[in-house]
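Inspection log for the structure reproduced underneath, given as structure tokens.
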There are 2 protein chains.
Amino acid sequence: MRVSRIQAEENRQTVIDVASRLFREHGFDGIGLKDLMKGAGLTQGAFYKQFQSKDDLAAQASRRALESAFGRWSAAADPQDPLGAVIAFYLSMGHRQERMDGCPVVALGSDVARQSVDVKASFEAGIKNYLEMLGRWIGETDGEDSTDKSMAILSTMVGALVLSRAVNNKRLSKRFLQAAAKSVSMTSSASVAQQGSLE
Amino acid sequence: MRVSRIQAEENRQTVIDVASRLFREHGFDGIGLKDLMKGAGLTQGAFYKQFQSKDDLAAQASRRALESAFGRWSAAADPQDPLGAVIAFYLSMGHRQERMDGCPVVALGSDVARQSVDVKASFEAGIKNYLEMLGRWIGETDGEDSTDKSMAILSTMVGALVLSRAVNNKRLSKRFLQAAAKSVSMTSSASVAQQGSLE
DNA sequence: ATTATCTATAGATCTATAGATAATGC
DNA sequence: ATTATCTATAGATCTATAGATAATGC
């Protein structure tokens, strides 16, 4: 029944991967250790040789989820119009539907407020990465308050998706995403728009 | 042990009130019927004469929470500058800290995606009220896309608070709220600002 | 007679631990 | 000899139900 160290480490990583998806799907309180381990092809008994507690896994799975989300942003970012490309997939009905692989801030944001310092630290690190990336895409025009803009844009994107998932009406869901896309485009090019209106 | 119909109805309302606050504090899955009923001064056994299921209570408590939040918006809205007044209390560190009495979309938004149609219906109705109110405050200038603006503003406000609660760093929390306030002000007066830049 | 609430309990599930097992690593 | 995983279990908690109780409402 024992397994090599390498295999054991691989199992650990699998558990974290699986948890990062299942927590997003069911919430931190919505799934138990038994099902988390089963998702990785293991039994519950193996859990505490790999993790200190459920909260410990929550913190590591959160970190993994945010890293994965960051990777998707990087992959989607078209060099020509990176922000536009990210908006196109983030503020889409497809993203609204795929909770398990979608943005962890949307899927777990409300819950994180109730979680441990460690879980919040995972989210904080991931959120800072989002902001840095956004800042690189929009910041070059005016410099000074590009962080403020990045924060506002991220807020709008996260909020729109949360709201979009909180209502039954699909049309309303879609409108939230479209309205946010429009607003984010305007915010990101605010100084350009003002220059434009001076012509 | 029996109680008059009037008292029973009063108890029912108390349970809904208490649940609307305790769900916001602990999440739908984070608190059990025993503690919810204890909060209303009753025992668990009385629950199923008043509600069909925990989900039934969740839907009613959600409705109540959103009504209460709407009331706070109305109360805060200064006739001179209603949006400014609401922004001032909504995007504040005070609101960030008071999960139990704060906006239910922020406190439960991520969880709602996983809840029943009934819970979502409660949220949808409340969200529509928010939008209507915002539309009245900002819509008169350009009319046409005032709903889009309201949606973008609500998204930014909700997202900023979710993000603000998801990080440990208080300074970062505050910056999210401030950046959102700035952005919302600009969005709400977008046409005015463009006119201004033409002078 | 009806019924709102109580105590008690069923049956499931939760986190965490204990001890057995069988393969690894020295 | 060590240890990663397994089965089994402790003890708590969860939702929901059953039956008793005592006051209301007719």
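Each chain gets a letter, A, B and so on, in the order its sequence line appears, and its residues count up from 1.
Rounded to whole Å, atom P of dT13(C) lies 20 Å from atom NZ of K34(B). When the C1' atom of dT13(C) is taken as reference, atom NZ of K54(B) falls 13 Å away, rounded to whole Å. Separating the NE2 atom of H26(A) from the C1' atom of dT13(C) is a distance of 15 Å, rounded to the nearest angstrom. When rounded to the nearest whole Å, the span between CZ of F47(A) and P of dA18(C) equals 16 Å. In this structure, K49(B) places its NZ atom 14 Å from C1' of dT24(D), rounding to the nearest Å. Protein atom CD of E9(B) is 16 Å distant from nucleotide atom C1' of dT24(D), rounded to whole Å. When rounded to the nearest whole Å, the span between CE of M37(B) and C1' of dT5(C) equals 9 Å. With rounding to whole Å, D56(B) atom CG is found 14 Å from dT15(D) atom P.
Just one of R114(A), R165(A), R99(A) meets the salt bridge (charged side-chain N to carboxylate O under 4.0 Å, His left out) condition when paired with D111(B); it is R114(A).
Heavy atoms only, all atoms of each residue included: T156(A) and A152(B) are closest at CG2-O, 4.1 Å.
Residue contacts shown for G32(A) are limited to sugar-phosphate atoms, with no base heavy atom under 4.0 Å away. Counting non-hydrogen atoms under 4.0 angstrom, Q50(A) reaches the backbone sugars and phosphates but no base. Looking at heavy-atom distances under 4.0 Å, S4(B) makes contact with sugar-phosphate atoms alone, never a base.
The residue among I31(B) and I6(B) whose nearest nucleotide of DNA chain D lies closer to the 5′ end is I31(B). Mapping Q52(B) and R5(B) onto DNA chain D by nearest heavy atom places Q52(B) closer to the 5' end of the strand.
Distances shorter than 4.0 Å separate none of the side-chain N or O atoms of T43(B) from OP1 or OP2 on dT5(C). When the side-chain nitrogen and oxygen atoms of Y48(A) are compared with OP1 and OP2 of dT17(C), none of them lie within a distance under 4.0 Å.
Side-chain contact, S92(A) with R96(A): no donor N or O sits under 3.5 Å from an acceptor N or O.
The N11(A) side chain lies nearest to dA4(D) when the options are dA4(D), dC14(D), dC6(C). For L42(A), whose side chain is taken as the heavy atoms from C-beta onward, the closest listed nucleotide among dT15(D), dT5(C), dC6(D) is dC6(D). Among the nucleotides dC14(D), dT5(C), dT5(D), the one closest to the side chain of D35(B) is dC14(D).
With a cut-off of 3.5 Å on both pairing distances, the Watson-Crick or G-U wobble partner of dA22(C) is dT3(D). Using N1 to N3 plus N6-O4 or O6-N4 for Watson-Crick, or N1-O2 and O6-N3 for G-U wobble, each under 3.5 Å, dT17(D) pairs with dA8(C).
In this model, a side-chain donor or acceptor of R2(A) finds a partner on the base of dT2(D) within 3.5 Å.
A distance-only check finds no donor-acceptor pair linking the side chain of D78(A) to the backbone of A85(A) [under 3.5 Å].
Contact check on R72(A) versus E98(A) returns a salt bridge, with a Lys/Arg side-chain nitrogen under 4.0 Å from an Asp/Glu carboxylate oxygen. The pair E124(B)-K128(B) meets the salt-bridge criterion, since a charged nitrogen lies less than 4.0 angstrom from a carboxylate oxygen.
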